[in-house]
Colleague: 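What follows is a single structure, and I will ask about it in a moment.
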Amino acid sequence: MLLHERHLCSSGNTLPKMPKAVPYSFQRKCVDGWELCCFSSICLLISLDNGLTRCGLTSRLISLTLLLVHHVCSLCFTFPQPPEKYLLPEVNINDYGKKCVVIDLDETLVHSSFKPISNADFIVPVEIDGTVHQVYVLKRPHVDEFLQKMGELFECVLFTASLAKYADPVADLLDQWGVFRVRLFRESCVFHRGNYVKDLSRLGRELRNVIIVDNSPASYIFHPENAVPVQSWFDDMNDTELRDLLPFFEGLSKEEDVYGVLQNLRGR
Ligand SMILES: [Mg+2]
């Protein structure tokens with residue numbers, strides 16, 4: 001039984017096509033529109049105030065006008081609000097100008113199991129329901145080389161649907177170089193139709209500069225146009241996928257935005 005499937009993650013590879021989430025950039029534009037509307041109203045009222053005062057009308061009339069404009073705006077416009085808080089902090093000074101890559105953990109970088117394996121790279125104790133279980137973790141071939149290079153090219157974020165009590169100690173052992181600026185766990189996912197979805201619009205980065213690397217299409221169902229799919233990995237020690245992807249990522253890091261290249265990738 002796979003650790004992340006049984007206890008730590010709900011996975012699924014095929015889902016019906018879902019409507020796309022409203023991109024945050026669009027929401028931001030709406031809020032800008034609201035702010036512009038308020039500003040215009042204030043300008044209008046200042047002009048009205050000057051005009052009405054000259055005409056000798058009372059301030060009560062001005063107050064009524066203000067109230068009327070406020071009500072009309074409230075009735076005519078309902079603007080979506082931005083998320084209260086982004087998942088990522090401000091960009092680190094060392095990552096200015098870099099694209100943001102969101103990297104999955106299980107079956108993308110490692111495979112973990114409760115079943116003892118002789119060649120485990122790490123054994124991580126995890127407490128579940130009061131009992132400590134040993135989790136045997138196998139690193140995907142070339143993962144060290146992959147992480148080091150990705151850390152040079154991108155702002156890297158670990159984003160896993162697994163629980164922090166398992167994934168955090170695994171990341172401590174896996175990421176010896178501090179490649180992952182931030183680690184996001186299950187609670188940062190959106191639970192949507194039985195799957196933990198990684199909603200990239202909540203990161204707080206421009207979506208045209210965000211890439212997600214994940215073995216599970218369900219994880220990026222809101223943003224398939226940002227995805228670099230990878231094959232699920234379990235124990236094939238001859239696997240070369242991570243190493244083979246590096247030239248592709250090197251090219252992608254230099255692009256103006258990610259969409260063109262990733263569209264070509266999907267079209268293959
Ligand atoms: Mg995975």
Side-chain angles (χ1 to χ4, degrees), residues 1-15 18 87 100-115 117 120-122 124 126 128 133 135-144 146-147 150 154 156-175 179-200 202-203 210-237 239-246 248-249 262 265-266:
M1 182 72 70
L2 301 179
L3 177 72
H4 79 284
E5 287 179 346
R6 186 178 175 191
H7 291 285
L8 306 171
C9 174
S10 172
S11 63
N13 287 333
T14 54
L15 282 174
M18 299 300 304
L87 293 174
C100 176
V101 175
V102 170
I103 305 176
D104 174 48
L105 181 64
D106 293 295
E107 282 67 70
T108 296
L109 300 180
V110 302
H111 172 66
S112 298
S113 169
F114 288 116
K115 193 176 151 192
I117 47 172
D121 291 289
F122 317 126
V124 179
V126 179
I128 300 168
H133 299 262
V135 178
Y136 297 82
V137 184
L138 208 54
K139 284 161 61 175
R140 190 170 194 163
H142 310 289
V143 67
D144 290 348
F146 178 78
L147 286 181
M150 293 297 276
F154 299 101
C156 293
V157 175
L158 181 73
F159 200 164
T160 173
S162 296
L163 294 177
K165 64 182 174 182
Y166 149 74
D168 210 27
V170 171
D172 286 340
L173 295 163
L174 184 67
D175 181 14
V179 167
F180 293 122
R181 301 293 190 219
V182 180
R183 299 173 186 175
L184 301 174
F185 306 103
R186 178 175 295 183
E187 66 274 11
S188 296
C189 296
V190 175
F191 192 64
H192 176 78
R193 300 198 175 182
N195 290 285
Y196 292 103
V197 178
K198 298 163 187 176
D199 184 352
L200 305 182
R202 298 178 66 216
L203 292 174
V210 175
I211 304 148
I212 180 169
V213 185
D214 205 303
N215 72 300
S216 170
S219 297
Y220 51 79
I221 197 163
F222 293 165
H223 301 94
E225 63 276 16
N226 293 79
V228 175
V230 293
Q231 288 291 317
S232 297
W233 181 81
F234 298 95
D235 57 4
D236 176 12
M237 299 315 285
D239 178 271
T240 60
E241 180 140 358
L242 294 180
R243 188 185 68 192
D244 295 345
L245 280 169
L246 285 176
F248 171 78
F249 279 115
L262 297 187
L265 188 69
R266 287 196 304 280

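As the structure is a computational prediction, the values presented were derived from the model and not from experiment. Start at 1 and go down the list; that is how both ligands and their atoms are numbered.
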Colleague: Quick one: closest heavy-atom pair of I128 and K165, and the distance?
Modeller: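 Where I128 meets K165 most closely, the heavy atoms are CA-NZ, 4.2 Å.
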Colleague: Please confirm if an N, O or S atom belonging to D106, backbone or side chain, lies less than 2.8 Å from the Mg ion (ligand 1).
Modeller: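 Checking D106: at least one N, O or S atom is under 2.8 Å.
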Colleague: Considering the options D106, D121, D235, D144, which one meets the salt bridge (charged side-chain N to carboxylate O under 4.0 Å, His left out) requirement together with K139?
Modeller: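 Going through the options one by one, the only one that passes is D144.
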Colleague: For a quick test of reading the model, state the closest non-hydrogen atom pair linking Y196 to C189 and the distance between them.
Modeller: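 For Y196 versus C189, the nearest heavy atoms are CB-CB, 3.8 Å.
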Colleague: Would you say the rings of F114 and Y136 are close, in the sense that their centroids are separated by under 6.0 Å?
Modeller: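 No, the ring of Y136 stays outside the 6.0 Å limit from the ring of F114, centre to centre.
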Colleague: Of all the atoms in E107, is at least one N, O or S atom closer to the Mg ion (ligand 1) than 2.8 Å?
Modeller: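 Not a single backbone or side-chain N, O or S atom of E107 is under 2.8 Å from the Mg ion (ligand 1).
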Colleague: Quick check: does N215 put an N/O/S atom under 2.8 Å from the Mg ion (ligand 1)?
Modeller: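 So N215 counts as coordinating the Mg ion (ligand 1), yes.
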Colleague: Using only N, O or S atoms, tell me which atom of D104 is closest to the Mg ion (ligand 1).
Modeller: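 Looking only at N, O and S atoms of D104, the one nearest the Mg ion (ligand 1) is named OD2.
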